[in-house]
Amino acid sequence: MFLIRNAGNMVPHSSFVTTQTAATEPAVLELAFTKFNTVKQVALCGHSDCKAMKFLHSMKDDPQMFSSGVAEVTNQPQICNNPLRTWIVNHGARSLAQFLRLEAKQFRAPLLFNTESPYFKVEAWVDPENKYDEVDKLAMVNSLIQIEN
């Protein structure tokens, strides 16, 4: 079993990983799947009361959060004034953008994910009964977005 723990349970999108940049998460996945052929599954686990998600949620009204297009998959990494903010902005912006979209619809719409077939999408509903606070809902959205990465 390979375990990776980091702030926000985030997996950098492949557009952020090149031969000139390094990130632990893709390196560990590469190690697990190419050097040890015994790994068959990957589980990504978020949790309630996540401080990284609380920090990400606090940036939802920050006008600079989305001004550079960092929520787009193909965007170049943004450098911030400290390592934590750089990590959260670059790898959490898509999660926050999807969270805000669902929040505007009062969580009465699903997140849609592509499948291997272009003809099918997977629906994921986030707290339609409204039992969790905003930060825990963001953590749920983030886990789903990170799996897609």
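On a predicted model such as this, the values are computed, not experimentally measured, just so you know. Residue numbers start at 1 and run along the sequence shown. Hydrogens, waters and symmetry mates play no part in the numbers below; they use all other heavy atoms, side chains included.
The closest side-chain heavy-atom distance from N114 to K121 is below 4.5 Å. Using a 4.5 Å cut-off on side-chain heavy atoms (C-beta onward), R101 and K105 make contact. A 4.5 Å side-chain heavy-atom check between W87 and N82 finds every atom pair outside the cut-off.
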Check the pair R85 / F55 against side-chain contact (heavy atoms from CB on, under 4.5 Å), numbers first and verdict last. CA-CA 9 Å; R85 185 175 177 90; F55 181 52; 4.2 Å; yes
Run the side-chain contact (heavy atoms from CB on, under 4.5 Å) check on E123 and L111 step by step: do they pass? CA-CA 6 Å; E123 289 184 356; L111 280 173; over 6 Å; no
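Here the closest heavy-atom approach between residue D127 and residue Y132 is recorded as OD2-N, 2.9 Å. Residues F113 and E148 share a closest heavy-atom pair of CD2-OE2, 3.4 Å. Heavy atoms only, all atoms of each residue included: G8 and C50 are closest at CA-SG, 4.3 Å. Pairing each heavy atom of V39 with each of F33, the nearest pair is O-CE2, 3.5 Å. Closest approach of S95 and N142 over heavy atoms only: OG-OD1, 2.7 Å. For I145 against R94, the heavy-atom pair with the smallest separation is CG2-NH1, 3.8 Å.
Remark: Y119 engages S117 in a side chain to side chain contact (heavy atoms under 4.5 Å, CB included) (not counting sequence neighbours).
Criterion: ILVMFWY side-chain heavy atoms under 4.5 Å apart, direct or through other members. Under it, L144 and W125 are not part of a common hydrophobic cluster.
Between the Q146 side chain and the H91 main chain, a donor and an acceptor come within less than 3.5 Å of each other. Side chain of N6 to main chain of M10: a donor-acceptor pair is present (N/O by atom type, distance under 3.5 Å, no hydrogens or angles).
Note: L138 CG to Q98 CD = 11.5 Å, rounded to the nearest 0.5 Å. To the nearest 0.5 Å, atoms CZ (R108) and CG (N130) are separated by 8.0 Å.
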Please set out all donor-acceptor pairs under 3.5 angstrom arising from side-chain atoms of residues 41-49, sequence neighbours excluded.
{"unit_1": "D49", "atom_1": "OD1", "unit_2": "K51", "atom_2": "NZ", "d": "3.3"}
{"unit_1": "D49", "atom_1": "OD1", "unit_2": "K54", "atom_2": "NZ", "d": "3.3"}
{"unit_1": "D49", "atom_1": "OD2", "unit_2": "K51", "atom_2": "NZ", "d": "3.0"}

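In this structure, K137 is positioned above the aromatic face of F107, its NZ or CZ under 6.0 Å from the six-membered ring centre and within 45° of the axis.
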